[in-house]
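In what follows, a structure is listed as structure tokens, so that the remarks can point back to it.
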There are 2 protein chains.
Amino acid sequence: MGTKRVYTFGNGKAEGKADMRNLLGGKGANLAEMNLIGVPVPAGFTITTDVCTEYNEKGKDVVVDLMKAEVEAAIADTEKVMNAKFGSTDGTFPLLVSVRSGARTSMPGMMDTVLNLGMNDETVEIVAEKSGNAKFAYDSYRRFIHMYGDVVMGVEAEVNPFEVELDKLKEAKGYKVDTELTVDDLKGLVESYKAVVRKYAGVDFPINPWDQLWGAICAVFDSWNTERAILYRRMEQIPDEWGTAVNVQAMVYGNMGDTSATGVCFSRDASTGENIFNGEYLINAQGEDVVAGIRTPQEITLEGSRRWAERNGTSEEDRKANFPSMEEAMPELYAELDAVQQKLEDHYHDMQDMEFTVQDGSLWMLQTRNGKRTGAAMVKMAVDMLDEGMIDEKTALLRQEANKLDELLHPVFDLKALAAAKELSKGLPASPGAATGKVVFSAEEAEKWAADGKKVILVRRETSPEDLKGMYAAEGILTERGGMTSHAAVVARGMGKCCISSAAGLAVKSDSMSIDGVTYNEGDFISLNGTTGIVYEGQVATVSPSLDGDFGRIMEMAEKYTRMYVRTNADSPADAKAAAEFGAKGIGLCRTEHMFFEGDRIWKMREMILANDVEGRKEALAKLLPIQREDFHGILEAMDGHGVTIRLLDPPLHEFTPNDEDSQKEMAERTGIAQEVIKAKVDGLHEFNPMLGHRGCRLGNTYPEITEMQARAIMEAACDLKAAGKDPKPEIMVPLIGTIKEFEMQEEIIRRVATEVQAEKGVEVDYMVGTMIEIPRAALTADLIASKAEFFSFGTNDLTQMTFGYSRDDAGKFLPVYLAKGLLKQDPFQALDQTGVGQLVEIAAERGRATRPEIKLGICGEHGGEPSSVEFCHRTGLDYVSCSPFRVPIARLAAAQAALR
Amino acid sequence: MGTKRVYTFGNGKAEGKADMRNLLGGKGANLAEMNLIGVPVPAGFTITTDVCTEYNEKGKDVVVDLMKAEVEAAIADTEKVMNAKFGSTDGTFPLLVSVRSGARTSMPGMMDTVLNLGMNDETVEIVAEKSGNAKFAYDSYRRFIHMYGDVVMGVEAEVNPFEVELDKLKEAKGYKVDTELTVDDLKGLVESYKAVVRKYAGVDFPINPWDQLWGAICAVFDSWNTERAILYRRMEQIPDEWGTAVNVQAMVYGNMGDTSATGVCFSRDASTGENIFNGEYLINAQGEDVVAGIRTPQEITLEGSRRWAERNGTSEEDRKANFPSMEEAMPELYAELDAVQQKLEDHYHDMQDMEFTVQDGSLWMLQTRNGKRTGAAMVKMAVDMLDEGMIDEKTALLRQEANKLDELLHPVFDLKALAAAKELSKGLPASPGAATGKVVFSAEEAEKWAADGKKVILVRRETSPEDLKGMYAAEGILTERGGMTSHAAVVARGMGKCCISSAAGLAVKSDSMSIDGVTYNEGDFISLNGTTGIVYEGQVATVSPSLDGDFGRIMEMAEKYTRMYVRTNADSPADAKAAAEFGAKGIGLCRTEHMFFEGDRIWKMREMILANDVEGRKEALAKLLPIQREDFHGILEAMDGHGVTIRLLDPPLHEFTPNDEDSQKEMAERTGIAQEVIKAKVDGLHEFNPMLGHRGCRLGNTYPEITEMQARAIMEAACDLKAAGKDPKPEIMVPLIGTIKEFEMQEEIIRRVATEVQAEKGVEVDYMVGTMIEIPRAALTADLIASKAEFFSFGTNDLTQMTFGYSRDDAGKFLPVYLAKGLLKQDPFQALDQTGVGQLVEIAAERGRATRPEIKLGICGEHGGEPSSVEFCHRTGLDYVSCSPFRVPIARLAAAQAALR
């Protein structure tokens with residue numbers, strides 16, 4: 001009978017190892033591994049995940065029978081190593097154990113831990129006697145009953161009845177904290193806890209340690225099928241068959257006197273990345289005391305301790321007397337711990353986050369794992385470890401979490417200041433970074449205040465293109481409505497400005513706002529954390545980002561291993577320059593419509609829209625031509641030598657029209673056209689579903705003169721640059737193509753104008769004509785479209801809208817519910833839906849290439865800066881991704897990682 | 001050198017034949033064929049379409065050289081057969097010819113015809129002398145110069161200069177009609193026409209007939225590449241390589257005296273289908289005189305002539321003297337013509353539409369083709385010919401134009417009355433049929449007037465669900481706005497009511513309307529032709545449809561040969577019954593939302609929508625339950641034994657809310673909720689793109705209680721029927737599925753409720769749970785969705801909207817331009833776009849079947865009643881199509897034709 005169900009570890013031996021994670025779970029595999037490399041770990045054993053599956057199939061009784069002998073043998077092994085006896089009655093020190101679940105991947109919110117298992121009326125006495133600490137023994141016992149009652153026996157009530165008993169006692173005695181409890185108090189609590197169990201569970205608390213153990217093991221297996229676990233798995237797409245392992249491990253105690261201690265430590269600084277061993281500990285304490293805040297934890301190293309004292313204004317005398325470092329207080333144990341942390345880091349080739357306990361002069365490691373770190377630390381550690389020869393370049397690159405680079409690119413809050421700040425609201429983290437300033441409620445005010453040198457936060461119900469200049473002027477943007485891809489969010493990300501949208505409880509009026517009923521007026525300070533979506537009251541100090549050498553080295557390595565290159569989405573020469581500094585090689589999306597909002601331009605645009613005939617439109621377009629040419633000149637110059645994809649006019653015309661009475665009046669005054677006529681014209685442009693309306697190439701095909709003007713502006717700018725010795729590479733992109741004929745008609749205009757302009761200017765420019773693939777039909781007929789289009793740029797924002805049938809502007813009504821209920825795992829506007837939308841991208845790429853093998857393929861949707869989407873683009877064989885300037889480094893890293901994987 | 005470029009015909013011989021259409025063009029092939037079967041046709045020859053291609057490749061001079069010898073030989077053949085001489089100078093009768101283009105398929109708007117070619121100063125004299133009719137000779141000559149000048153020599157000016165000369169002369173002489181021109185006048189015109197040519201073309205008019213001939217032949221080839229020809233080909237998707245043939249044929253004249261005549265005739269009655277030879281002719285006249293209306297054409301047969309006299313109140317004496325039939329006036333030639341028409345019909349197995357000329361006692365056939373016919377005639381002829389043994393059942397079926405059946409299903413205008421009626425406007429033919437009545441401008445008035453027994457036409461800017469009852473009450477509906485799939489159009493088609501939408505020049509006010517500035521008030525009569533889209537002034541008499549035996553026989557045959565069955569889209573028991581009479585086998589789409597608008601129901605629905613929480617919604621839903629159950633009971637009963645697909649609530653909730661102040665006020669009074677609260681709630685439901693918003697299963701997944709109520713209403717109705725011995729087959733359809741998880745969550749609710757209800761009622765019902773495939777992502781992931789869905793119904797309306805990115809409600813802004821410019825060949829909301837949208841249907845059908853081979857597949861979009869789309873559905877292997885009741889016969893026929901093809 002070959003099935004091995006239980007794997008023991010302890011005393012430098014283990015039946016499992018690190019790469020047996022699927023069978024032993026993450027925790028079990030790591031406990032085994034630490035044993036194997038000679039790190040002191042309390043002995044114990046792991047029951048495999050296969051047993052969990054067996055348990056679900058065959059039932060409790062059968063499986064308990066099947067594993068009984070193995071578990072008993074494993075307990076015997078543990079007893080031997082720990083020199084203790086499970087259920088001791090003969091005065092030997094009793095073996096007490098912890099029982100924990102442990103699946104392949106961490107599943108927070110699953111079953112809780114049971115500690116101190118093995119305690120009963122007999123063993124508690126032995127513990128009291130042997131430890132010479134009756135209070136410790138009885139406190140451990142009553143804690144055990146409480147935990148076991150909650151977790152294993154299902155004691156449940158609105159108010160936890162164990163807590164009720166404790167509070168009753170404390171009130172009767174006038175105690176403020178638990179530590180005031182006397183041994184007799186604790187003995188009394190043990191009895192009243194047992195009564196609680198009897199009342200709520202309907203049976204007596206199990207006295208026999210073996211009954212306790214089997215109860216706990218089965219409770220772990222049962223916990224795999226609780227409602228919350230099933231829901232969690234559905235959301236995280238974890239298969240039901242994986243199951244959980246059960247870890248049973250000998251308890252060790254840091255609270256057995258002054259030769260005992262407990263602590264957490266890190267092999268490097270998780271915040272800065274410096275290669276400095278650090279951590280905190282407490283003598284005569286339990287693990288939870290270190291984090292509970294009742295006692296002040298002390299530093300582990302002397303250096304750390306001195307820094308701590310300096311920060312706190314504690315004198316060296318006071319420090320030494322009352323807060324000595326472990327290095328000073330327990331020099332030998334410190335040396336041992338230091339050696340262990342070094343060994344663990346060397347073994348795992350990464351910064352370790354460790355928990356340890358010193359029991360009566362012996363060091364025990366309870367856990368080690370790769371430590372969490374800030375973005376800055378992530379970069380520094382990788383570069384340092386590379387230099388130390390600990391890891392190679394590929395590992396250094398693969399260890400970067402692309403999204404964390406964001407922290408390095410935006411201002412961040414000073415952590416101290418942040419800890420003290422008061423949270424006002426939480427919204428969507430629409431654009432990362434930190435900002436602090438005075439609130440204003442209109443774009444005009446934002447501009448005005450900023451011109452006066454004041455830092456402002458622009459607060460709007462939602463933003464529109466008319467707010468652009470105000471957004472530029474503001475430090476950050478806060479909106480009442482809108483999602484991650486609302487106008488505010490998209491534009492803010494493009495500008496690298498911090499933005500929070502859909503802030504909870506926020507109600508914006510024309511000259512004030514309220515959050516949960518509290519009113520804030522113009523000029524009041526608030527602070528925004530765009531990375532977390534939290535809004536703070538008042539001014540919170542910020543720290544500017546510094547792109548130091550390590551960051552540069554990571555980017556260099558990314559460049560070396562990547563296949564795809566990264567472009568940026570930029571609509572102005574300034575944005576183009578900023579993106580070039582972040583390493584963008586060209587522009588993947590230049591939206592010409594944003595150019596129409598600046599200053600006086602909008603009036604010329606409106607004149608064009610309100611014209612009655614082709615002649616009228618041409619006249620107005622002639623006024624827009626030089627303005628557009630100048631913009632294109634600047635952008636092409638900023639990206640000299642690189643491709644610049646310029647999208648022709650895309651949004652429906654009513655986005656430009658004067659839609660309120662005041663603007664209509666102004667329009668009437670400016671043009672001499674009657675206000676009613678203007679209103680009628682504007683009303684006539686109204687659409688029920690503008691997203692699916694008269695926009696994109698549908699404009700260019702119904703008003704070819706618009707395309708003519710834009711093509712001319714682009715080509716004139718390019719020819720002028722060429723004549724001046726530059727190397728402009730415009731790529732003219734026709735938006736919203738659904739049929740090849742639409743493209744042909746636009747291409748014909750563009751090429752005709754391009755030929756004319758080149759002849760007029762006497763130079764030839766290297767230009768391309770291509771299209772966006774953003775309509776499902778375009779993807780499906782990409783073979784036809786590629787017969788004429790020289791490049792495809794996947795507009796995955798609109799493609800997602802149409803493939804899902806979700807309006808980005810309205811999805812806020814149901815997407816949050818969908819995400820909460822697990823109907824969607826991710827917001828498809830943030831991470832590309834590879835199952836559905838991805839199919840269309842693949843189909844289009846494949847068919848496009850079949851027709852035109854050299855076709856240039858890229859992506860310019862918001863997804864171009866999202867790591868999992870970038871990886872998809874790599875696998876699909878795209879040539880480049882394009883994203884907002886501040887996402888460029890992230891995309892570069894993600895592209896390199898995709899190539900390495 | 002094997003290439004044969006010229007094919008001669010004449011005198012019962014021909015080098016070509018009917019099936020050489022690709023090489024000789026349609027006209028050339030038919031002229032050859034008529035010769036071969038012994039029908040008298042003026043001799044001539046055809047230059048092949050290959051020569052056209054050669055001409056475009058090698059150029060004019062080369063190709064003229066290559067074909068010169070053959071053309072000269074062919075002219076010599078023609079001379080021989082016609083006993084005339086081309087460019088005669090020796091007194092022999094000159095051969096005059098026509099030169100016409102003729103491509104594979106008819107291309108109206110291509111090059112015009114050149115007649116009388118061969119005329120010059122010499123030949124005109126011989127014609128004058130030989131015919132004894134100088135006026136005829138010179139009139140033919142001046143007409144030739146005019147035609148040749150226009151067509152071949154490119155004489156062009158804003159006002160045609162030939163017309164100018166003619167008008168000048170007539171004015172000088174005081175003539176009213178051309179026939180007053182004397183021989184001298186005509187001689188003078190010949191000279192001034194030559195001067196016109198010299199002035200406008202810059203060269204002399206060619207005197208040499210050979211020069212004339214080569215000029216005309218080359219002009220035909222050149223015409224293949226004119227802008228309008230290229231545009232026409234692009235729109236009709238005719239390949240450029242096809243080219244055109246050139247037909248050169250001897251002229252014959254019906255205006256050479258009283259032994260000459262010309263006419264058109266039909267082998268059967270094109271209007272009724274009766275097997276009666278009929279037609280019109282004129283003695284001593286040219287072809288154009290028969291249709292020009294200057295002289296009254298006479299009937300060919302005696303019977304026809306007598307009927308004509310009766311209709312006109314012409315006495316038998318007067319008739320005989322002044323309007324004798326050809327049968328009386330030219331009995332021998334009539335007998336010959338009658339034999340020819342019989343021979344041609346027998347040969348082509350179809351009703352023929354023929355043109356003939358009698359020249360000096362000899363009959364010549366100039367053209368024959370399958371005749372156009374009305375829907376009624378189409379049905380009758382096919383059944384008659386089947387009974388006569390002329391064609392078989394398959395041919396009879398395949399010869400039906402499915403769309404024409406429509407004429408048989410709706411009232412039609414009396415043709416006489418229609419001819420006299422005044423057109424007011426033209427709009428989109430949104431729903432076929434004829435209607436006449438008094439205009440009213442609100443649904444309430446329509447109901448009121450109809451209740452008083454008055455026939456009304458409901459005129460609205462656009463309709464909304466609130467107009468339903470008024471639409472029911474009206475004879476027809478006219479709207480200012482909206483397309484072929486607007487609310488008015490879709491609902492009217494469903495009701496079988498005539499409807500015209502987007503009528504040109506129409507402006508609707510609250511109690512009147514104006515068309516092109518003329519005002520019409522409540523009570524004024526108008527008439528609508530929903531089949532053509534024309535609006536007429538006043539009352540135009542209508543004729544009711546009669547579904548006689550022939551129609552029934554065609555439907556029987558369709559049943560015999562079809563593979564797919566036809567369902568109907570119906571929302572009420574009445575509609576279901578009507579559709580069953582047209583042969584619908586089940587319901588493919590029952591929209592539950594229409595049910596919520598009747599009477600008081602809307603207030604209960606609004607109560608549900610405005611509820612603050614689940615409990616409030618459940619309370620309101622409980623009130624809706626019995627109403628829905630009753631509706632479902634009626635519909636399931638009407639379609640007993642057949643599947644009834646019921647779609648759960650689909651439209652966004654704001655379609656039901658009180659959106660104007662008055663209704664909000666009423667709502668406030670009814671519910672006691674403050675009006676501002678109601679307004680705020682309604683405003684909160686506003687969406688930017690409702691089509692892509694919170695609707696379909698997104699409602700059911702955010703408010704599961706709605707699905708619960710609807711599932712319960714359906715299952716309770718079905719169980720009650722089952723208990724009463726009926727056989728209900730509900731198919732519950734979840735709308736707007738994009739992911740399998742959305743379906744799973746809805747399915748779970750439906751099956752749970754179904755199990756509950758069946759247990760409560762103690763019966764089991766044969767029900768299914770399936771989904772609409774209307775979102776591109778659903779089609780792409782159909783393999784996953786089919787793992788749970790028992791049927792797919794293709795909602796091709798929405799699928800088209802999302803695959804093209806066209807909003808049906810807004811596409812009116814650009815679709816007309818797209819159709820006019822040839823960017824789209826067909827409105828994709830009318831005929832399914834097989835290239836794009838069709839791919840998604842195919843993908844979904846294939847993947848759905850791969851997962852669940854027995855999956856039931858159907859279509860319920862508007863396309864289900866459109867013949868080319870029905871054929872696509874057949875090829876894709878769908879089980880059924882579903883369409884509005886009045887399209888059911890069309891769909892049945894189209895399905896049978898698809899199976900036969």
Side-chain angles (χ1 to χ4, degrees), chain A residues 234 652 684-696 698-699 701-702 736 738-742 744-745 774-781 784 798-815 817-818 821-825 828 833 835-840 843, chain B residues 234 652 684-696 698-699 701-702 736 738-742 744-745 774-781 784 798-815 817-818 821-825 828 833 835-840 843:
Chain A
R234 189 187 293 170
L685 287 171
H686 167 78
E687 292 184 310
F688 295 98
N689 297 290
M691 156 69 203
L692 306 175
H694 194 184
R695 50 174 288 238
R698 298 165 200 170
L699 292 172
N701 277 324
T702 45
L736 218 68
T739 71
I740 171 68
K741 293 204 174 188
E742 285 176 300
E744 284 172 344
M745 200 162 279
E774 55 188 327
I775 285 187
R777 196 181 187 283
L780 292 165
T781 60
L784 301 176
D798 277 5
L799 191 60
T800 299
Q801 293 201 81
M802 288 183 239
T803 307
F804 268 95
Y806 290 170
S807 159
R808 278 198 293 178
D809 296 318
D810 304 309
K813 292 220 166 64
F814 57 88
L815 267 192
V817 180
Y818 266 39
K821 289 193 177 181
L823 284 163
L824 285 172
K825 205 171 135 51
D833 161 52
T835 316
V837 180
Q839 277 194 53
L840 288 176
I843 286 171
Chain B
R234 188 188 293 172
L685 287 171
H686 168 78
E687 293 184 309
F688 295 99
N689 297 289
M691 157 70 203
L692 306 176
H694 194 185
R695 50 174 287 239
R698 298 165 200 169
L699 292 172
N701 276 326
T702 45
L736 218 68
T739 71
I740 171 67
K741 292 206 176 189
E742 286 176 300
E744 283 172 343
M745 201 162 278
E774 55 190 327
I775 285 186
R777 196 182 188 282
L780 293 165
T781 60
L784 301 176
D798 277 6
L799 191 60
T800 299
Q801 293 199 82
M802 289 183 238
T803 307
F804 268 94
Y806 291 170
S807 159
R808 279 199 290 178
D809 296 318
D810 304 309
K813 293 220 164 68
F814 57 88
L815 266 191
V817 180
Y818 266 39
K821 288 192 177 178
L823 283 164
L824 284 174
K825 206 171 134 49
D833 161 52
T835 316
V837 180
Q839 277 193 55
L840 289 177
I843 286 171

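In what follows, every heavy atom counts, from backbone to side chain, and hydrogens, waters and symmetry copies are set aside. Chain naming here is simple, since letters A, B, ... match the order of the sequence lines and numbering starts at 1 in each.
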Query raised in the report: Can you check whether A/Phe804 reaches A/Leu824 side chain to side chain, under 4.5 Å on heavy atoms?
Result: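 A/Phe804 vs A/Leu824: side chains touch.
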Query raised in the report: Is any side-chain heavy atom of B/Tyr818 less than 4.5 Å from a side-chain heavy atom of A/Lys741?
Result: no
Query raised in the report: Considering residues at least two apart in sequence or located in another chain, which fulfil the side chain to side chain donor-acceptor pair (under 3.5 Å) criterion with B/Thr702?
Result: B/His694
Query raised in the report: Of all residues at least two apart in sequence or in a different chain, which pass the side chain to side chain donor-acceptor pair (under 3.5 Å) check with A/Thr800?
Result: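 Per chain and number, A/Thr800 pairs via side chain to side chain donor-acceptor pair (under 3.5 Å) with no residue.
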Query raised in the report: Taking B/Asn689 as the fixed residue, which of A/Met691, A/Glu687, A/Arg808 is the one that meets the side chain to side chain contact (heavy atoms under 4.5 Å, CB included) rule?
Result: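 For B/Asn689, the side chain to side chain contact (heavy atoms under 4.5 Å, CB included) test succeeds with only one of A/Met691, A/Glu687, A/Arg808, which is A/Met691.
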Below 4.5 Å, heavy-atom pairs only: which of [options] has the largest tally toward chain B?
options                                : value
A/Arg698, A/Arg695, A/Gln839           : A/Arg698
A/Gly738, A/Gly696, A/Ser807, A/Ala778 : A/Ser807
A/His686, A/Met745, A/Glu774           : A/Met745

Query - Pairs of heavy atoms under 4.5 Å with chain A: top-ranked of B/Leu840, B/Asp833, B/Val837 - result: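 Option with the greatest count: B/Asp833.
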Query raised in the report: Given the options B/Leu685, B/Val817, B/Ile775, which has more heavy-atom pairs under 4.5 Å with chain A than any of the others?
Result: B/Ile775
**Report entry** Under 4.5 Å from any heavy atom of chain A - which part of B/Thr739
**Finding:**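 Looking at B/Thr739, just its side chain touches chain A.
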